[in-house]
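Here the structure comes first, spelled out in structure tokens, and everything after it is commentary.
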Amino acid sequence: MAEVMTALTAETRAAARAETLRRRCLERKGLLASPRQDHRHVAASLRASEGEASWPVRRGLLTRDLLAWFPFALDDQELLLGRMAPDRPEWQAEREEAKAWLAARYPDVFTPGQTGHCELDLSRLLALGLDGLRADVERRLAAAEGAQAETYQSFAHALDGLAVFIEHAADTAEEALPHASPERRAELALMAGACRRVAHQPPATFREALQLLWLAVLAVQHANYASLVQPGHLDRTLWPYYRDDLAAGRLKREGALELLEALYLLLNEQIADGLAIGVMVGGRDAQGRDLTNDLSYLCLEALRRTRLIYPTVGICWHEGTPPELVELAVELIAAGIPNPALFGDETIQRGLRMYGVPPQESWNYVNSTCVEITPSGSSNVWVASPYFSVPKLLLDEIAAQVGASRSGGRGVALTFEEFLARYGARLGQAIAEGAAQQNRNRERRQRHGGKPLQSVLTRDCLERGRDIDDGGARYNWVECSFVGLANLADALAVIREEAYGDGLSLAELKALCDADFAGHEAERQRLLNRHPKYGNVCPEVDELVGWVVALARGECAKQRMLPDDSPFVPGAFCWIQHERLGRECGATPDGRKAGFPFADGGGPAQGREKHGPTSAILSTTCWDHAPLIGGLAYNLKFGKSLFATPEARERLRDLLLTYLRRGGFETQVNVVDAETLRRAQREPEAYRDLVVRIGGYTDYFARLSPQMQSEIIARTEFAGF
């Protein structure tokens with residue numbers, strides 16, 4: 001009985017700690033200085049290194065200096081170190097001065113293009129420790145010459161900075177010791193001791209490995225300006241330490257859960273709202289064996305008490321995934337925690353193999369933030385680069401066709417097939433221009449960039465002696481994204497029946513769209529409701545989504561990316577771009593009004609699924625998702641009252657598995673009714689922590705734009721299965 005009471009007391013204390021830190025996190029949001037906005041220390045480092053001729057070496061020194069400067073903060077409840085101290089307004093004048101100096105003297109120090117969006121390779125760091133990894137770099141440096149030697153020297157400087165960074169984290173814990181309670185002093189001693197060890201030696205415990213993982217991720221994000229580096233597969237990286245600690249009696253399951261919660265809270269502290277950061281669990285190894293373990297469950301369970309927007313936790317689902325893991329995810333989703341998502345492991349592995357990832361590596365991937373897929377530990381993949389508004393390109397083609405017809409010029413499409421061909425050529429031109437811009441960005445990055453710490457933690461930069469910005473990574477492709485697929489398909493179906501059938505001409509459709517249907521609401525309703533729409537098992541419109549995906553894939557395949565002739569990879573990932581690009585686009589022939597958000601991913605447009613979620617899933621999976629390694633999200637929305645019974649949760653599980661078994665890429669669920677969302681619009685302060693799924697990521701509903709809030713409310717809310 002006493003043991004039970006002790007366990008209950010420990011669990012109660014852990015829950016109280018999580019709630020306190022959760023509240024403090026929400027209160028502190030908005031107080032952090034973005035590293036990109038604070039240029040004081042960048043300018044100071046570059047001033048100090050102006051006598052050094054090598055730019056790679058200077059980048060290494062800059063990494064070292066930024067890590068040495070990092071201001072740690074720690075409150076009386078945190079269990080892991082790695083939170084940045086709040087901004088200080090009195091620094092603003094210095095920041096502006098430094099920013100102006102950098103713009104004049106080093107205009108390319110912050111090069112364009114994507115950063116981060118990856119999982120680091122921590123295997124060497126965990127196995128050798130920081131001193132061992134530093135010695136490895138020194139051995140390579142001694143055997144190198146020229147540009148390669150400069151690169152290895154930059155790596156050495158970066159690792160020196162990481163050691164100082166971790167030592168300063170330990171200092172922060174030790175400085176709090178004199179003022180702490182006896183119980184808290186014991187926690188602080190553990191925290192400081194963990195940092196002192198991993199600043200030099202390999203981690204020996206779960207706590208030490210987790211602390212090192214987070215500090216490495218934070219250091220790369222901060223000092224190499226690599227946004228949104230992911231914790232990734234915690235159940236793989238940390239499993240040996242967790243297993244051994246349990247066996248040795250050094251750790252209990254509840255203690256590991258508390259530490260994972262501490263990590264999740266730090267993610268929310270350090271990542272600005274409106275972005276994305278992900279953990280993945282489950283999946284298979286190279287031999288096809290399931291990798292689920294107890295940490296997989298804990299990574300999901302840690303969402304229950306933190307209940308914030310970060311991280312999402314994606315399950316790499318395959319037929320051998322334990323049912324209990326999916327059931328836990330469904331339980332959390334049904335309770336209104338939308339962070340879990342399910343990824344189709346077989347579909348994603350097949351897609352990776354399409355782009356040259358060998359079978360023995362295709363199992364090892366991560367959702368790089370939302371749903372974009374990048375190979376774990378070996379990626380310099382740029383994601384969402386760029387986004388293409390496929391409905392806007394359709395309006396451009398309609399305008400070109402109508403203009404050609406009126407002028408009597410050549411090139412008027414006389415059949416729907418000719419119209420599709422001309423639209424395809426227009427999309428192909430946009431893709432070529434987008435790829436060319438990314439290559440220009442990569443050329444600038446290769447000349448002026450440099451991410452030495454990220455490079456050391458990315459295969460195969462050490463082996464090649466090349467920085468990640470110079471093509472050192474194993475995989476260097478670029479992922480673009482096509483937004484508004486459902487709107488395009490619905491609009492093309494209207495054009496086929498109207499302009500190339502017995503209805504309105506293309507010029508009349510254009511006039512309606514140009515006027516945003518003003519004075520023609522009845523006509524808009526006819527176009528919206530009397531024509532087939534994607535999501536209702538209507539092959540004549542569903543096949544148009546498959547057509548445009550195949551078109552995009554084929555046009556992307558014509559492009560090759562620097563520095564190593566990598567592919568240009570398509571996706572249908574939206575983030576918030578379905579709202580932004582929709583806001584910038586006029587009315588479209590599907591009946592959508594000007595400015596209204598596009599569909600939020602690979603599923604149907606808002607409110608157009610008329611026959612329930614099963615029909616919507618059948619439509620959404622009637623075409624091949626595998627080529628869209630750039631990401632694809634499928635959103636479902638249900639009212640919370642629907643899940644009052646275990647039977648209802650079982651039906652949701654079966655629905656999600658149907659989607660995955662049919663080749664679905666990723667699916668996520670909002671369980672929140674429209675009335676709650678409307679109340680949150682009216683009383684945002686009362687719903688500050690209401691978390692919803694958007695286009696592959698989670699966000700606080702109250703902080704969204706009014707347009708995005710309306711888009712979420714407009715999504716079909718299924719009342720049953």
Side-chain angles (χ1 to χ4, degrees), residues 114 116-119 227-228 230-232 267 271-280 303 308-317 329 333 337-345 347-348 351 365-374 381-389 479-486 549 569-582 597-606 620 625 627-637 656 659-660 664-671 691-701 703-705 708 711-712 715:
Q114 277 283 14
H117 292 82
C118 63
E119 179 180 10
S227 301
L228 304 179
Q230 310 297 295
L267 290 172
I271 307 298
D273 292 351
L275 299 173
I277 202 85
V279 166
M280 268 196 148
L303 296 169
L308 297 170
I309 55 175
Y310 303 134
T312 58
V313 179
I315 295 174
C316 301
W317 183 88
I333 291 167
I337 300 171
N339 305 62
L342 286 89
F343 288 78
D345 184 62
T347 298
I348 291 170
Y365 61 85
V366 68
N367 59 316
S368 72
T369 46
C370 299
V371 291
E372 322 92 300
I373 300 300
T374 60
V381 172
W382 290 13
V383 306
S385 300
Y387 294 98
F388 295 105
S389 173
E479 297 174 354
C480 57
S481 199
F482 298 86
V483 182
L485 294 179
V549 168
V569 175
F573 160 61
C574 292
W575 182 41
I576 59 174
Q577 293 297 330
H578 61 296
E579 190 274 320
R580 288 185 179 176
L581 295 177
F598 297 144
D600 54 36
Q606 301 87 345
T620 303
H625 292 191
L628 297 181
I629 287 301
L632 182 154
Y634 175 55
N635 281 294
L636 287 162
K637 177 182 167 188
L656 299 177
Y659 171 83
L660 294 167
F665 189 100
E666 183 266 5
T667 184
Q668 55 200 29
V669 184
N670 276 320
V671 176
V691 178
V692 292
R693 276 279 183 171
I694 314 296
Y697 80 108
T698 48
D699 208 341
Y700 297 113
F701 182 81
R703 68 162 296 278
L704 299 175
S705 68
M708 184 66 81
E711 186 272 322
I712 294 170
R715 294 178 184 177

TODO: Just do the side chain to side chain contact (heavy atoms under 4.5 Å, CB included) check on Thr369 and Gln230 with the steps written out, would you?
DONE: CA-CA 7 Å; Thr369 46; Gln230 310 297 295; 3.4 Å; yes
Task: Exercise: do Tyr365 and Asp345 side chains pair donor with acceptor under 3.5 Å - done: yes
Task: Set of ring pair (Phe, Tyr, Trp, His ring centres under 6.0 Å) partners for Tyr700, sequence neighbours left out - done: none
Open item on the list: Are Leu628 and Pro570 packed together at the side-chain level, in the sense that at least one heavy-atom pair is separated by less than 4.5 angstrom?
Closed with: yes
- [ ] Could you tell me whether the side chain of Ile694 reaches within less than 4.5 Å of the side chain of His578, counting heavy atoms only?
- [x] yes
TODO: Using side-chain contact (heavy atoms from CB on, under 4.5 Å) as the criterion, list what pairs up with Leu656, not counting sequence neighbours.
DONE: Val330, Leu342, Leu636, Leu652, Thr667, Val669
Task: side chain to side chain contact (heavy atoms under 4.5 Å, CB included) assessment of Leu704 paired with Val692 - done: CA-CA 10 Å; Leu704 299 175; Val692 292; 4.2 Å; yes
- [ ] Apply side chain to side chain contact (heavy atoms under 4.5 Å, CB included) to Met280 and Phe343, showing your working.
- [x] CA-CA 9 Å; Met280 268 196 148; Phe343 288 78; 3.6 Å; yes
Task: Contact check, side chains of Ile277 and Pro231, non-hydrogen atoms, under 4.5 Å - done: yes
Task: Gln606 (side chain) donor-acceptor with Phe598 (main chain) under 3.5 angstrom - done: yes
- [ ] Check whether any side-chain N or O of Asn339 sits under 3.5 Å from a backbone N or O of Leu308 as a donor-acceptor pair, and report yes or no.
- [x] yes
Open item on the list: So does Ile309 get a backbone contact from the side chain of Thr698, meaning a donor-acceptor N/O pair under 3.5 Å?
Closed with: yes
Task: Partner residues of Phe701 under the ring pair (Phe, Tyr, Trp, His ring centres under 6.0 Å) criterion, sequence neighbours left out - done: none
Open item on the list: Is the shortest side-chain heavy-atom distance between Glu579 and Ser705 below 4.5 Å?
Closed with: yes
TODO: Sequence neighbours left out, what passes ring pair (Phe, Tyr, Trp, His ring centres under 6.0 Å) with Phe482? Give chain and number order.
DONE: Phe388
Task: Contacts of type ring pair (Phe, Tyr, Trp, His ring centres under 6.0 Å), residue Tyr659, not counting sequence neighbours - done: Tyr634
TODO: Could you tell me which residues satisfy side-chain contact (heavy atoms from CB on, under 4.5 Å) with Ser385, sequence neighbours excluded, listed by chain and number?
DONE: Gln114, Trp382, Gln438, Val478
Open item on the list: Between Ile629 and Phe665, is there a side-chain heavy-atom distance shorter than 4.5 Å?
Closed with: yes
TODO: Check for a donor-acceptor pair, side chain of His625 on one end and backbone N or O of Gly351 on the other, with a separation under 3.5 Å.
DONE: no
TODO: Begin with the C-alpha distance, continue with both residues' side-chain angles, and end with the deciding distance and a verdict on side chain to side chain contact (heavy atoms under 4.5 Å, CB included) for Val691 and Ile337.
DONE: CA-CA 7 Å; Val691 178; Ile337 300 171; over 6 Å; no
Task: Flag side-chain contact, heavy atom, 4.5 Å: Pro340 against Leu303 - done: yes
